[in-house]
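This report refers to the structure that appears directly beneath it.
Nothing fancy with the numbering, it's 1 onward along the sequence. Side chains are part of it too, since the values below use all heavy atoms of this structure and drop only hydrogens, waters and symmetry mates. None of these values were measured; they are calculated from a predicted model.
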Amino acid sequence: MTVAATLRPLLDADELDLSLAAGDPDTAFRAVRHAERAGDRPWLQPGDLRLTEAAFTLPRPHLDTLFDPLPAAILYFRTPQRRGEPSGLQQRCDEHGVTLLVASPSTAPERVEALALRELLRSAADGLGALASAQRYLLVALAGAKPERDLLDRLNRLTGVSLALVTPWGEVTARAGNRVGRAGQLDVASLPDGRMRLAGKDALVTRIVAQGRLRGVLIAFDAEESDLPLIELVRSLLLSSALQRSAEAQHDRERKGALLAEWLAGPQAAPLLAPRLNDAGLPTEGRYLVAVCEAGPRHRLGRAAAARERSLLERLREAGEEYFLALGYGVLSESRAEHCLWVFGGGAPEAQAEGLLRALHGAAGEHERSALRLGLSLPREDLTGVADAYHQAVLALQSVAGTGGLAWFDEFDPVYWVLKQQPPGNLATLRDRLVGPVKAADDHGKLWRTLTAYLRSPSDLGALAAELHIHVNTLRYRLKRIEELVAAPLDRPETLAKLYVAQQIDAMLERSGGDA
């Protein structure tokens with residue numbers, strides 16, 4: 001049964017103050033969606049009443065959620081700053097046969113949405129019993145031992161749609177149907193909401209995001225429009241389940257965080273803590289690692305920015321803990337002022353670095369992922385060595401470039417450790433003495449990029465020129481120019497050593513936000 005309401009009751013409602021700018025006041029709509037709301041994008045369909053609060057501009061973006069797919073009607077909300085009706089929007093609606101309503105600046109979108117949904121419910125009264133029955137059938141799955149798997153199985157029985165639930169780090173935790181394929185090989189954290197082709201099949205991707213963190217991605221293969229209401233319902237149930245688990249884990253996380261802080265503060269008393277560590281799920285026999293994550297270079301922050309960073313660190317901490325627990329690893333975690341950390345053990349802990357970084361990327365926003373830095377200690381077996389392992393992880397993290405990534409302590413450059421003992425002012429003075437003329441004569445950074453690449457690979461000029469996308473003669477000219485500026489030949493080991501130290505100082509100052 002097709003459920004639809006019309007626009008006329010909305011236009012007749014004096015409290016909404018809506019006006020008809022184009023089209024038919026008796027236009028029927030089947031759903032209410034927000035064009036700019038990310039969570040609504042997978043569910044946009046022909047027949048929607050689509051709400052928009054954004055300024056209408058031309059040309060339209062390639063992915064135009066306002067008109068693709070074409071809605072039955074658009075409701076444009078004016079603001080005190082945008083009181084007029086955009087002529088381009090009215091013309092586009094006329095061209096496509098879309099009804100256009102305009103709301104006054106005093107009209108709240110929430111009130112319009114509530115009244116539109118009420119009209120839809122009235123028109124759907126005869127079908128609500130069937131929907132309630134389907135909901136009860138699906139809700140039974142949440143009481144089972146494996147709710148996600150049971151929920152997808154039940155949805156598959158109702159619709160025939162093949163489904164996969166994938167973690168942010170790429171592990172398929174539940175699947176149903178025979179069309180799933182190798183969903184776990186996808187970089188799901190970067191997939192947007194909506195319809196697309198995946199592994200040669202039509203797929204509907206919907207991201208399950210709660211409290212600013214990606215909890216998973218639900219992928220439905222070859223879904224028909226008639227399947228979308230139940231898929232959306234299952235996505236909501238998965239979201240509710242994730243929020244419930246998060247709330248239940250919060251108290252346990254705080255208790256374990258206090259235990260970790262006590263362990264780090266008094267590692268020599270670790271044997272006395274062993275029973276409590278075991279009770280917290282961390283094996284006290286076998287190897288463990290410490291991982292430390294920082295959300296980009298440290299800068300002076302205002303209160304609002306500092307609050308956002310604390311919130312991000314807490315999301316990262318929770319995501320990392322969820323990752324280890326999902327794989328059966330014991331873990332303790334803690335958030336500190338500048339980073340979050342995990343101590344984890346069981347199985348082969350050193351094999352989890354890349355997966356952990358993917359999980360953290362899934363918890364971060366699109367613009368935050370590139371700055372995430374992860375440092376890992378060497379494996380330890382003695383419980384008294386946890387503070388030393390923590391410092392190893394911190395040093396490894398500090399050696400990661402500002403562009404993000406991960407580093408192990410055994411890959412740590414000892415030159416970095418020596419330089420780290422000096423104040424930034426001394427480092428800047430030393431760098432300027434060694435390579436100041438090069439940087440001063442290098443307006444566009446070409447000489448510095450050439451020197452950095454040469455220090456990394458000085459033996460093959462042909463390969464180096466190809467890497468820099470220049471002719472080998474241009475490379476030789478630049479190297480000769482660098483020799484003139486530093487007043488020393490590049491083929492002498494002591495010259496290369498000094499220039500390497502200068503390059504490391506420059507990178508350190510850039511990462512720390514100091515004088516670069």
Side-chain angles (χ1 to χ4, degrees), residues 169 257 260-261 263-268 270 277 282-298 313 316-317 319-321 323-324 327 329-361 369-422 427 455-456 500-501 503-512:
W169 56 90
L260 176 56
W263 186 17
L264 287 168
Q268 298 306 316
L277 294 173
L282 187 74
T284 53
E285 295 183 0
R287 292 176 299 176
Y288 67 88
L289 290 176
V290 176
V292 176
C293 179
E294 188 176 275
R298 301 292 302 163
L313 287 175
L316 294 172
R317 175 193 176 188
E321 187 169 296
Y323 169 76
F324 290 120
L327 297 179
Y329 283 78
V331 60
L332 301 179
S333 66
E334 184 186 6
S335 291
R336 298 197 167 189
E338 67 283 356
H339 56 243
C340 51
L341 67 124
W342 305 266
V343 180
F344 59 99
E350 60 270 28
Q352 302 308 322
E354 294 289 347
L356 173 59
L357 187 59
R358 288 196 298 272
L360 300 178
H361 281 169
R369 293 174 196 149
S370 61
L372 291 185
R373 302 192 294 160
L374 181 65
L376 297 108
S377 72
L378 296 173
R380 300 295 295 250
E381 293 188 3
D382 57 314
L383 297 180
T384 57
V386 67
D388 184 46
Y390 166 63
H391 289 302
Q392 289 181 358
V394 170
L395 287 172
L397 176 142
Q398 291 173 347
S399 70
V400 178
T403 52
L406 67 85
W408 292 86
F409 180 73
D410 57 355
E411 300 170 348
F412 182 67
D413 188 343
V415 171
Y416 178 87
W417 169 248
V418 173
L419 296 174
K420 189 67 177 175
Q421 312 311 308
Q422 299 296 320
L427 293 176
L455 292 171
R456 187 173 61 250
Y500 178 75
V501 168
Q503 188 270 332
Q504 290 295 299
I505 291 174
D506 194 72
M508 286 177 60
L509 293 173
E510 182 178 356
R511 283 195 295 267
S512 64

Throw together a table of side-chain donor-acceptor distances under 3.5 angstrom for residues 350-360, partners on residues two or more places apart or in other chains.
from : atom 1 : to   : atom 2 : distance (Å)
E350 : OE2    : R287 : NH1    : 2.8
E350 : OE2    : R287 : NH2    : 3.2
Q352 : OE1    : Y323 : OH     : 2.6
Q352 : NE2    : Y329 : OH     : 3.0
R358 : NE     : W169 : O      : 3.1

Using the side-chain hydrogen bond (donor to acceptor under 3.5 Å, both in side chains) criterion, which residues pair with S333? Sequence neighbours excluded.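 Expected list: R317, E321.
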Check side-chain hydrogen bond (donor to acceptor under 3.5 Å, both in side chains) between R336 and all other residues, then give those that pass, not counting sequence neighbours.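 Scan of R336 (side-chain hydrogen bond (donor to acceptor under 3.5 Å, both in side chains), adjacent residues dropped) gives E334, Y390.
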By side-chain contact (heavy atoms from CB on, under 4.5 Å), which residues pair with L383, not counting sequence neighbours?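 Partners of L383 by the side-chain contact (heavy atoms from CB on, under 4.5 Å) criterion, ordered by chain and then number, come out as W263, A270, A274, L277, T284, Y288.
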Considering non-hydrogen atoms only, spot the tightest contact between [X] and [Y] and give its length.
X	Y	result
L372	A295	CD2-CA, 3.9 Å
E338	L313	C-CD1, 3.9 Å
W342	L316	CZ2-O, 3.3 Å
G330	P283	CA-CD, 4.2 Å
V290	A389	CG2-CB, 3.7 Å
S377	A393	N-CB, 3.9 Å

Does a side-chain heavy-atom distance below 4.5 Å link Q392 with L378?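 With C-beta onward as the side chain, the pair touches.
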Are L395 and Q398 packed together at the side-chain level, in the sense that at least one heavy-atom pair is separated by less than 4.5 angstrom?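 Heavy-atom side-chain distance check passes, below 4.5 Å.
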Please collect all salt bridge (charged side-chain N to carboxylate O under 4.0 Å, His left out) contacts where either partner lies in residues 390-399, sequence neighbours excluded, each pair once.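 For residues 390-399: none.
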Residue pairs, two or more places apart or on separate chains, that pass salt bridge (charged side-chain N to carboxylate O under 4.0 Å, His left out) and touch residues 379-393: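 Matches after skipping sequence neighbours: R380-D382, R380-D388.
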Pair L289, W408 - check side chain to side chain contact (heavy atoms under 4.5 Å, CB included), show working. CA-CA 11 Å; L289 290 176; W408 292 86; 3.9 Å; yes
Go through the steps to decide whether L260 and L282 satisfy the test side chain to side chain contact (heavy atoms under 4.5 Å, CB included), and finish with yes or no. CA-CA 11 Å; L260 176 56; L282 187 74; over 6 Å; no
Output yes when a side-chain donor or acceptor of R369 lies under 3.5 Å from a complementary backbone atom of H361, and no otherwise.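 It does hold such a pair.
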Show, in sequence, the C-alpha distance, side-chain angles and deciding distance for L264 and V386, and conclude whether the side chain to side chain contact (heavy atoms under 4.5 Å, CB included) test is met. CA-CA 6 Å; L264 287 168; V386 67; 3.8 Å; yes
